[in-house]
Amino acid sequence: MDYNFREIENKWQDYWERDKTWQVEADPALPKYYVLDMFPYPSGAGLHVGHPEGYTATDIVARYKRMKGYNVLHPMGWDAFGLPAEQYAIQTGTHPSITTRRNCDTFRKQIKALGLGYDWNREINTTDPAYYKWTQWIFMKLYNTWFDDQRQKGRPIDELPIPAEIAAAGKKAVREYQNARRLAYYADAQVWWCSHCHIVCANEEVLNDGTHEKCGHIVTRRVLKQWMLRISQYAERLLEGLNSLDWPEGVKDMQRNWIGKSTGAEVEFPVKNHEHKIRVFTTRPDTLFGATYMVLSPEHPLADPLTVPEQKETIRAYLEEASKKSDLDRTDLAREKTGVFTGSYAMNPVNGEKIPIWIADYVLMGYGTGAIMAVPAHDTRDFEFAVKFNLPIRCIMDPMGAAPEEREQILKGKACWTEDGRYIHSADPLSGLDINGLNKDQGIETTIRWLERKQYGRKAVNYKLRDWLFSRQRYWGEPFPVIHWEDGEISLINESELPLVLPELENYQPGEHGESPLANAGDWLEVTGKDGRKGRRETNTMPQWAGSCWYYLRYIDPHNRERIFDPGKEAYWMPVDLYIGGAEHSVLHLLYARFWHKVLYDLGIVSTDEPFRKLFNQGMILAYAYETASGAKVPSNLVEEKDGRFFHTETGEELKQIVAKMSKSLKNVVNPDDVIKNYGADSMRLYEMFMGPLDAAKPWSENGIKGVYHFLNRVYRFFSSPENLYNGEEKNENILKVLHQTIRKVENDIEGLRFNTAVSQMMIFTNACIKKGKVSRDTASAFVRVLSPFAPHVAEELWERLGNPPSVVDAEFPAFNEEYLKEDRFEYPVSFNGKLRFKLELPVDMEENRIREAVLNDERSARWLNGKKPRKIIVVPKRIINVVV
RNA sequence: GCCCGGAUGGCGGAACUGGUAGACGCGCUGGACUUAAAAUCCAGUGGACAUUUUGUCCUUGGGGGUUCAAGUCCCCCUCCGGGUACCA
């Protein structure tokens, strides 16, 4: 008979609910532990098997830490703003809040069915006005903050020093001066527009092929007034902060790449017959002697002024083409370089040489200064361009480490060299700069010093990270607490007016030309100021990232109506000790949240500089799928298995089993509800942990879940049968040893998030008990506690049956005792020349020399020594013996 | 292109700072129980060869190297996954 998981699971889930087991409060007398899941978007499809993986992992850690005496904060909530609910509203007229509530109810029910111990008293929902009141409040803080570059710190806008000439120019000038420095600003932005969704997309939401990640349609460029956040000013802080974090190196690397710091120099090139100067950023100022032309990006402000009359028409056509090209062909794989000559020349500061100025779209306005000096001999892009347009290529570095033939080519300007070497042709008696013979590092340093002395340029740092486009043309998002006045002034609403609640609408359809659905909001839109001035509310809403940027802070004090949270509680619970979620949030969510957190820290609102101390990414759960020899996918319902091989039910063709993402079309989606119905929540939890390492992608297998289900049945059957248990202490040495090994291993594995091996150790223990046939109640009680974070329902039931009062949740996690783990003898593997030949059991405290004797005296050694004397005998205590002959 | 990560039996995966490769689970084979099946229990299970037994050889994607000893460290290569891309 299988154990009745349904009855047991219902019973204990009811108990935890009635008992309010998971409700916690800040308690300075106890050490705290804050364990957080990335909260889900409650989609209409319900929970997916991927969700419970991370949730189970955090639940195990939470339960374990609680048993270790920590006060554990483990909350859950909903990232519920988003497109699907709005799309559904457009189609059916159902208000998104109704859809959202329904979906949250489903998710909550499904999560509870897994026996996850969340404090539901702290549940939050980003779409709840009582929550987004504070999202709006943070936006107001961002608006009222500027970044002090000197102190590398955000400060209140009233502390921004106003230069005398600005102050003298009047209020408007002061306002503009401030607006140009606020962390949230409203400005013309070149944005990606998705004409399918009628929405602007952040750069991050546009895929490599120029399509919108949400809908797959091609996006186009537009200039629109949008809200932006000055995250780029926090680049250095965001980069620096990574060093102190216990995060996967891969995630840190991704963030570093995204921030994209590069050091080099800014150099100014005078233009012949013009007062303009072209400023460029370069990481290779040392190659100035090799600069043979310059390039401006098509959007560069000097593109037009520097065009000579005879070139006007050509340039105009090129600029137009370039602006169109950035729409569609920008991502062409075979991007052949294009460009046109302006007719103007710049002067190379190192040698006074006249070099032509071109315009080309391989130079981007959004990076550096939007202009470059081109050194074709030592930059692959410039090389490609120079070859195509027949521009001179001047090698100024004798390559080190290049093959002789390659070196020949490079010196002749027929190939490009970007590595280190020794400079040649890099001196000019007039300018006084000479770096011939130096290597790259020395060359860069010397050139920068020269540039600074001659005031042609300076050392400079550049970041790829750009400002964050923060508004969307959607209904279902946080409204901005902003009023646009008829005279063009922008102001925030009063804090007392928060939350600014989303108005009810008849029509959720966004406009064709970038108007948000809120433009239909009638009365809501119009405002009249005290002075009689008319204004209009902002009709854009915030992106979905907004709510998820700070939700972990609201869990701390979710019902506080007066403040965002109580500072004492914040100081107690923060930082998050462990944060688990999908790797898809490695860059954006985590970077945005860190940015907001740092601003709040600078303003004294939070007590830590970084929000998430330890981060871990769970891997994706995949499924088996099938394909024919030609690679065509076959839905799983058309596949049959025979003797471990797979065949198409209709054609009979043999199929290959592969691993793929779960998808409706492959018919291999696993529904957690079905799994719970057939095997129970404990099996579901245990299997998700047993599948493999938490961070690995791994395929779901029906047989795998049967394995852990089988294990739980064995556990239940054995430990719930009184005839298998005797009272008091454990008498069997071996059982005691395995028990304590298990306690130690499970403890270490939970701390290291290696749940798969923890489960396997518990299996080893159970096998040993069943083999023995009878163990003590002490042993059973210890094991049940070890098992409880993983399979809490079975554990509660057994705990009760062993005669303990509920609940095992508050029992102490057993401590392992080294005494029981000690071995006095060890079975040494004995190798000859590295090959294992036999085993020899010896006392562990035996001296090495005595061990050598013992090995040589063993009759089995004679065969391998073959009459020779051993050259050397290596003894590694409690590991191995190796005889070298 | 660049930056990460990975490759271990029929399958999912173990293996601490280099020290008995294949833990644990699945599957498979044989057996017990049963009228039978399921469930359960017991035994076996990397490959090849040999065998009455003791056994021998091979094996962690491929090739080199360091070492008494390499899945683990170093160099080169192949394939797979993720990120990113005219970033100057």
Side-chain angles (χ1 to χ4, degrees), chain A residues 1-2 208 248-254 256-258 260-262 264 280-284 287 295 297 330-331 335 337 360-364 366-375 379-382 384-385 462-466 583-584 586-587 617 619-620 622 624 643-645 657 659 687 690-693 695-708 710-711 713-714 717 745 748 754 756-764 766-767 770-771 827-839 860 863 870-885:
Chain A
M1 233 333 242
D2 288 1
N208 292 337
E249 278 309 314
V251 176
K252 292 206 234 180
D253 278 343
M254 275 160 74
R256 286 186 188 113
N257 287 338
W258 193 266
K261 180 178 185 172
S262 50
V280 305
F281 172 74
T282 175
T283 53
R284 296 291 305 274
T287 59
V295 187
S297 85
R330 189 188 192 84
T331 53
R335 276 169 294 205
K337 286 198 173 37
D361 67 0
Y362 81 92
V363 173
L364 309 173
Y367 183 79
T369 62
I372 61 157
M373 64 175 205
V375 185
D379 180 286
T380 49
R381 297 153 301 181
D382 298 343
E384 217 178 288
F385 189 82
N462 232 294
Y463 300 90
K464 276 200 298 194
L465 184 66
R466 299 185 205 176
E584 65 275 18
S586 297
V587 178
N617 296 125
M620 210 183 319
L622 306 169
Y624 289 113
D643 303 326
R645 288 158 72 196
Q657 188 182 53
V659 171
Y687 177 55
F690 186 60
M691 287 172 86
D695 55 357
K698 32 201 185 275
W700 184 275
S701 127
E702 186 73 14
N703 284 331
I705 189 143
K706 282 182 187 157
V708 294
H710 179 210
F711 163 68
N713 269 298
R714 282 161 67 87
R717 225 178 295 128
K745 177 134 184 77
N748 288 340
R754 294 179 298 267
N756 53 332
T757 46
V759 175
S760 97
Q761 182 62 40
M762 291 190 282
M763 289 173 168
I764 291 170
T766 305
N767 292 345
I770 291 173
K771 190 152 203 167
E827 191 183 39
Y828 278 95
V830 182
S831 300
F832 287 80
N833 290 333
K835 283 192 178 174
L836 176 68
R837 293 308 179 188
F838 60 85
K839 291 181 182 170
R860 289 170 296 187
R863 178 169 170 199
R871 265 220 329 258
K872 202 170 170 189
I873 302 174
I874 288 146
V875 176
V876 184
K878 284 172 82 178
R879 282 222 196 280
I880 202 169
I881 297 164
N882 192 15
V883 184
V884 187
V885 185

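Below, chains carry the letters A, B, ... as their sequence lines are ordered, and counting in each starts from 1.
- Comparing atom distances between the Arg837(A) side chain and each of G12(B), A88(B), U56(B) picks out U56(B) as nearest.
- Residue order along RNA chain B, read from the 5' end via each residue's closest nucleotide, puts Lys745(A) first among Lys745(A) and Tyr362(A).
- Between the C1' atoms of C79(B) and A14(B), the separation comes to 24 Å (whole Å).
- Note that CG of Asn713(A) is 4.5 Å distant from CG of Asp2(A), once rounded to the nearest 0.5 Å.
- In the set G19(B), A14(B), G12(B), G19(B) carries the atom at the smallest distance from any side-chain atom of Val876(A).
- In terms of phosphate contacts, Lys835(A) brings a side-chain nitrogen or oxygen within less than 4.0 Å of OP1 or OP2 of C58(B).
- Look at the C1' atom in both G25(B) and G19(B): the space between them is 27 Å, to the nearest Å.
- Spacing of C1' atoms, A7(B) relative to C77(B), comes out at 14 Å, to the nearest Å.
- Proximity note for Lys872(A) (side chain, C-beta onward) versus A15(B), G13(B), C68(B): the nearest is C68(B).
- In this structure, Val883(A) reaches neither bases nor backbone, as no heavy-atom distance under 4.0 Å exists between it and the strands shown.
- Taking only side-chain nitrogens and oxygens, His710(A) never comes nearer than 4.0 Å to OP1 or OP2 of A39(B).
- Closest-nucleotide positions on RNA chain B for Met691(A) and Phe281(A) were compared, and the one nearer the 5' end corresponds to Met691(A).
- Counting any heavy atom pair closer than 4.0 Å across all strands shown, Lys878(A) reaches no nucleic acid atom.
- The residue Asn756(A) sits close only to the backbone: its heavy atoms come under 4.0 Å of sugar-phosphate atoms, none of a base.
- Candidate nucleotides C4(B), U40(B), U20(B) were compared by shortest atom distance to the side chain of Ile880(A), and U20(B) ranks first.
- If you check G55(B) for Watson-Crick or wobble pairing at under 3.5 angstrom, you find it paired to C49(B).
- On a pure distance criterion of 3.5 Å, a polar donor-acceptor pair joins the side chain of Asn882(A) and the base of C68(B).
- Distances from the side chain of Met254(A) to the nucleotides A14(B), G19(B), G83(B) place G83(B) closest.
- Contacts of Asn767(A) with the nucleic acid, taken as non-hydrogen atoms under 4.0 Å apart, involve only primed sugar atoms and P, OP1 or OP2.
- Using a 4.0 Å heavy-atom distance criterion, Lys839(A) is classed as a base contact.
- Rounded to a whole angstrom, the distance from the P atom of C24(B) to that of A43(B) is 12 Å.
- The separation of A32(B) from A39(B), taken at their C1' atoms, amounts to 14 Å, rounded to a whole angstrom.
- Atom name C1', nucleotides G55(B) and G65(B): the rounded distance is 33 Å, in whole Å.
- Comparing U29(B) with G83(B), their C1' atoms are spaced 46 Å from each other, to the whole Å.
- In this structure, the nucleotide among A88(B), C86(B), A23(B) sitting nearest to the side chain of Ser760(A) is A23(B).
- By the rule that a glycosidic angle within 90° of 0 means syn, G62(B) does not qualify and counts as anti.
- A donor-acceptor contact shorter than 3.5 Å is absent between the side chain of Tyr687(A) and the backbone of Gly704(A).
- Annotation: C57(B) and C11(B) have their P atoms spaced 27 Å apart (nearest Å).
- Counting any heavy atom pair closer than 4.0 Å across all strands shown, Ile764(A) reaches sugar-phosphate atoms only and no base atom.
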